[in-house]
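Right, one structure below, let's go through it.
All values below were derived from every heavy atom in this structure, side-chain atoms included, with hydrogens, water molecules and symmetry-related copies excluded.
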Amino acid sequence: MGHIRLGTLPQSKKWREVVALLNSDAPLEQIAQAAADASERDLKRASDDPVFQHVSNLLVTLPLQARSPSFLEFVAGLGLSEENLTSVTGLLAGLNSSIDAQAYELGRASDAGDIAKAALLETLSVQLNDRLPSLFDPTPAEVRRALAGFSSGPGFAVLARDFFARLTYRSLDYYLSRELANHTGAGKRFASDAERVAFQQALRQHAFEASRIVQEFAGGWYGKTVWNEQSLDQDAINKFTRYAFTKMRRELGRRRAA
C-alpha cells in the first residue's frame, strides 16, 4: 500500500522565509502565519484526500448517527462491534481500526489522513471524557448519549473547533518540527529542547485560540445543512472543511497583524 506525503516545503521560497524567521527573533504569530502560507497549497490538496474525507465525514456524521435508531447498524458498517461501544477507549480503538481499514481498501495511506485521524481521535477523547462521569466507568448508553450531544448546532460547533484546532496545529507542526531541531542548541533560537517544546506548546495554544472562528460558523452550518435543508452529503462536508481551513488561515493572519 502506497503512502502519500503532503509535500516538499523545504524547497519552496515561502518555506525559506519561514526558516529566516526562525533564525530571527520573529514572534510566534508571524512564524505561524508564514508556515500556514507556505503550506496552503498542500493543505488544500489534503482536503481532496479520500482518507481525510472519510475522517471529516465521521466528524460530522457520528454525532448524528448516535441519536439515530440505526446507530448500531451504522457502527457495524464501520467495522465496530458492540464491545467497542462499552467505553471511550473502545470506541476510539474501533474508529482507529476502521479508518486504517478504509485506507487499506483505497490502497493508499497518506500524511493528510494520518494527521486528520489523530486530530479526530484526540478530539473525541477529550470531548467525550469531559461529558462523561469520572468516578465510574460509563455505560454504552452514556457513551452514545455523550456522542449524540454533539448533534446540535452548539454541540457540533464545540466539536468542530477542537478538531480544527488540533488539525491546524498538527499540520503546522508536521512541517515546523522537522526544522525546529536545526534551531535548537547554544547560540540558536532555542537554547534547549525545553525551550523548543515550550514553543510548540505555545503554537498549539495559538491554533486553539484561532479556531474560535470555526466555532462561530460551524454551528450555523450544521443547523442549516443537517436540520433545515437536510442536504448533508460528502460534497457538503468537503466544502465545509475547505472553508474551515480558509477561515483558520485568515484568522492566523489577522492575529499576526493584531
Side-chain angles (χ1 to χ4, degrees), residues 6-7 9 12 14-15 17-22 24-47 49 52 55-56 59-60 111-112 114-127 130 150 153-180 189-190 195-222 237-258:
L6 272 177
L9 280 183
S12 71
K14 286 186 175 182
W15 182 251
E17 293 174 358
V18 175
V19 174
L21 290 172
L22 285 169
S24 70
D25 293 326
L28 178 145
E29 292 82 2
Q30 188 175 359
I31 295 171
Q33 175 58 28
D37 287 344
S39 60
E40 179 182 8
R41 185 180 65 177
D42 285 331
L43 293 180
K44 282 183 176 178
R45 272 204 302 262
S47 300
D49 179 88
F52 179 95
V55 172
S56 63
L59 172 75
V60 177
D111 288 341
D114 288 347
I115 290 171
K117 179 181 74 170
L120 177 68
L121 297 182
E122 282 184 2
T123 295
L124 289 174
S125 176
V126 170
Q127 293 297 329
D130 280 351
F150 299 109
F156 178 73
V158 170
L159 192 70
R161 175 183 183 175
D162 197 327
F163 173 75
F164 279 99
R166 296 176 191 279
L167 185 66
T168 299
Y169 166 72
R170 283 181 167 275
S171 299
L172 294 177
D173 192 62
Y174 172 89
Y175 297 109
L176 283 172
S177 62
R178 291 177 287 177
E179 183 62 33
L180 294 182
R189 182 182 181 102
F190 310 110
E195 288 189 9
R196 174 181 52 78
V197 170
F199 175 87
Q200 291 174 297
Q201 290 173 339
L203 181 64
R204 183 189 296 272
Q205 181 62 28
H206 183 65
F208 177 74
E209 291 172 0
S211 68
R212 181 176 180 179
I213 194 69
V214 174
Q215 184 172 359
E216 290 175 356
F217 81 85
W221 173 84
Y222 197 80
I237 295 172
N238 293 345
K239 289 178 180 178
F240 167 72
T241 57
R242 292 188 190 106
Y243 186 62
F245 266 134
T246 299
K247 295 286 282 186
M248 282 292 295
R249 189 177 64 82
R250 289 175 180 171
E251 181 63 13
L252 290 172
R254 188 195 68 78
R255 291 173 58 81
R256 170 190 172 182

Nearest heavy-atom pair of [X] and [Y]: which atoms, and what distance?
{"X": "S171", "Y": "L167", "result": "OG-O, 2.7 Å"}
{"X": "G253", "Y": "Q33", "result": "N-OE1, 2.7 Å"}
{"X": "L172", "Y": "A36", "result": "CD2-N, 3.7 Å"}
{"X": "F52", "Y": "A112", "result": "CD1-O, 3.9 Å"}
{"X": "A218", "Y": "A157", "result": "CB-CA, 4.1 Å"}
{"X": "L22", "Y": "L180", "result": "CD2-CD2, 3.8 Å"}

Salt-bridged, R170 to E122, with N to O below 4.0 Å?
yes

Could you tell me the separation between the [atom1] atom of [X] and the [atom2] atom of [Y], rounded to the nearest 0.5 Å?
{"X": "T168", "Y": "M248", "atom1": "OG1", "atom2": "CE", "answer": "3.5 Å"}
{"X": "Y174", "Y": "I115", "atom1": "OH", "atom2": "CD1", "answer": "6.5 Å"}
{"X": "I213", "Y": "R254", "atom1": "CD1", "atom2": "CZ", "answer": "7.5 Å"}
{"X": "Y222", "Y": "L159", "atom1": "OH", "atom2": "CG", "answer": "9.0 Å"}
{"X": "F164", "Y": "F208", "atom1": "CZ", "atom2": "CZ", "answer": "14.5 Å"}
{"X": "E251", "Y": "H206", "atom1": "CD", "atom2": "NE2", "answer": "8.5 Å"}

Q205 vs E209, test: side-chain hydrogen bond (donor to acceptor under 3.5 Å, both in side chains). Steps then yes/no.
CA-CA 6 Å; Q205 181 62 28; E209 291 172 0; 3.1 Å; yes

Can you check side chain to side chain contact (heavy atoms under 4.5 Å, CB included) on Q30 and L21, steps first, answer last?
CA-CA 8 Å; Q30 188 175 359; L21 290 172; 3.5 Å; yes

Flag side-chain contact, heavy atom, 4.5 Å: [X] against [Y]:
{"X": "T246", "Y": "R242", "result": "no"}
{"X": "V18", "Y": "E179", "result": "no"}
{"X": "W221", "Y": "V60", "result": "yes"}

Is the closest side-chain donor-acceptor distance between Q200 and R204 under 3.5 Å?
no

Is the centre of the F156 ring less than 6.0 Å from the centre of the F163 ring?
no

Give the C-alpha distance, both sets of side-chain angles, the deciding distance and a yes or no for side chain to side chain contact (heavy atoms under 4.5 Å, CB included) between F217 and Y243.
CA-CA 10 Å; F217 81 85; Y243 186 62; 3.5 Å; yes

With sequence neighbours left out, write down each residue that passes salt bridge (Lys or Arg N to Asp or Glu O under 4.0 Å) with R249, or none if nothing qualifies.
D37, E40

Just do the side chain to side chain contact (heavy atoms under 4.5 Å, CB included) check on I237 and L59 with the steps written out, would you?
CA-CA 10 Å; I237 295 172; L59 172 75; over 6 Å; no

Are any side-chain N or O atoms of S125 and backbone N or O atoms of L121, one a donor and one an acceptor, separated by less than 3.5 Å?
no

Residues two or more places apart in sequence or in another chain: which of them pass side-chain hydrogen bond (donor to acceptor under 3.5 Å, both in side chains) with E29?
none

